[in-house]
Amino acid sequence: GENVEQHPSTLSVQEGDSAVIKCTYSDSASNYFPWYKQELGKGPQLIIDIRSNVGEKKDQRIAVTLNKTAKHFSLHITETQPEDSAVYFCAASKGRTSYDKVIFGPGTSLSVIP
Amino acid sequence: GAGVSQTPSNKVTEKGKYVELRCDPISGHTALYWYRQSLGQGPEFLIYFQGTGAADDSGLPNDRFFAVRPEGSVSTLKIQRTERGDSAVYLCASSRSGASNTGELFFGEGSRLTVL
């Protein structure tokens, strides 16, 4: 089955700097790659996603890139703010409009230092 | 209050006891998922419902775990003969299905289970 790895496990950046989180996946049939943010005591919340027919997607300060050949994808957060501090999970799935279970990575704990 | 609701938020039980965790999905969402999250880990898939039926239960760790969704809305995750290793946060998520499905999972805040 699908296996998603994520690095680094913890990341500290100064406010205003950029943060990058990298993930790899094992199943070449995966075609949908969401990123979730989880704050303490809350459930994960989708922040951005990308499908396999797209190499890059941007939404304000957040961008994702996907390299299907290498089976890796990355999250980039620019101009980080203290409220970006949270745990971030990458995930992979074989479906968007049809069902497939979403497999999550182990998470990256991001701390933005004011 | 249109989000996914999970009860109880906290459950402490003794080893060997039976536990039920409830999930009330977003109205109109036909897909419902259960995940388990241990401390410092990502959510681990347990089971998925499409309507009333379990479409994929490949993540249930053993036959002590069972989930139902009899009317296609509320779901209950049932754990028999609990073990200390079952201690975790159990997350429920729902999503739209078919053509209106964006792929987004809407998670509840979870039920924290502690087995003493």
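Quick note on labels: first sequence line is chain A, next is B, and so on, each numbered from 1.
- The minimum heavy-atom distance between A:F104 and B:P43, with the atom names listed, is CB-O, 3.6 Å.
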B:F45/A:E2 under side-chain contact (heavy atoms from CB on, under 4.5 Å): CA gap, chis, key distance, verdict: CA-CA 11 Å; B:F45 171 79; A:E2 176 65 275; over 6 Å; no

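- Taking non-hydrogen atoms and a 4.5 Å limit, the residue list of residues 106-114 of chain A in contact with chain B, ordered by number, reads A:P106.
- Counting heavy-atom pairs under 4.5 Å between each of B:L105, B:L91, B:V4 and chain A puts B:L105 at the top.
- Atom CD of A:Q60 is surrounded by 12 or fewer heavy atoms from other residues, nucleotides or ligands within 6.0 Å.
- Between the CD atom of B:E104 and the OH atom of A:Y36 there is a distance of 6.0 Å, given to the nearest 0.5 Å.
- Proximity to chain B involves both the backbone and the side chain of A:P44, based on heavy atoms less than 4.5 angstrom apart.
- Neither the backbone nor the side chain of B:E44 comes within less than 4.5 Å of any heavy atom in chain A.
- B:V12 and B:V19 are members of different hydrophobic clusters when ILVMFWY side chains are connected at heavy-atom separations under 4.5 Å.
- Residues A:K101 and B:S58 are in side-chain contact: their nearest non-hydrogen atoms beyond the backbone lie under 4.5 Å apart.
- Linking Ile, Leu, Val, Met, Phe, Trp and Tyr whenever their side-chain heavy atoms come within less than 4.5 Å leaves A:V20 and A:V4 in two separate clusters.
- For chain B, no part of A:Q6 is nearby; none of its heavy atoms comes within less than 4.5 Å.
- Counted within 6.0 Å of CD on A:Q45, heavy atoms from surrounding residues, nucleotides or ligands total 12 or fewer; the atom is thus considered open.
- Hydrophobic clustering keeps B:F66 apart from B:F49 (ILVMFWY residues linked when any side-chain heavy atoms are closer than 4.5 Å, directly or through intermediates).
- Looking at every heavy atom in both residues, A:F89 comes nearest to B:Q37 through CZ-NE2, 3.3 Å.
- For a heavy-atom cut-off of 4.5 Å, chain A lies close to B:F107, B:G108, B:E109 in residues 106-116 of chain B.
- Applying the 6.0 Å contact sphere to CD of B:E20 captures more than 12 heavy atoms from other residues, nucleotides or ligands.
- Hydrophobic clustering (side-chain heavy atoms under 4.5 Å, transitive across Ile, Leu, Val, Met, Phe, Trp, Tyr) groups A:L46 together with B:Y35.
- Cluster annotation: A:V13 and A:I77 are assigned to the same hydrophobic cluster (Ile/Leu/Val/Met/Phe/Trp/Tyr, side-chain heavy-atom contacts under 4.5 Å, transitive).
- Within a 6.0 Å radius of NZ in A:K68, more than 12 heavy atoms belonging to other residues, nucleotides or ligands are found.
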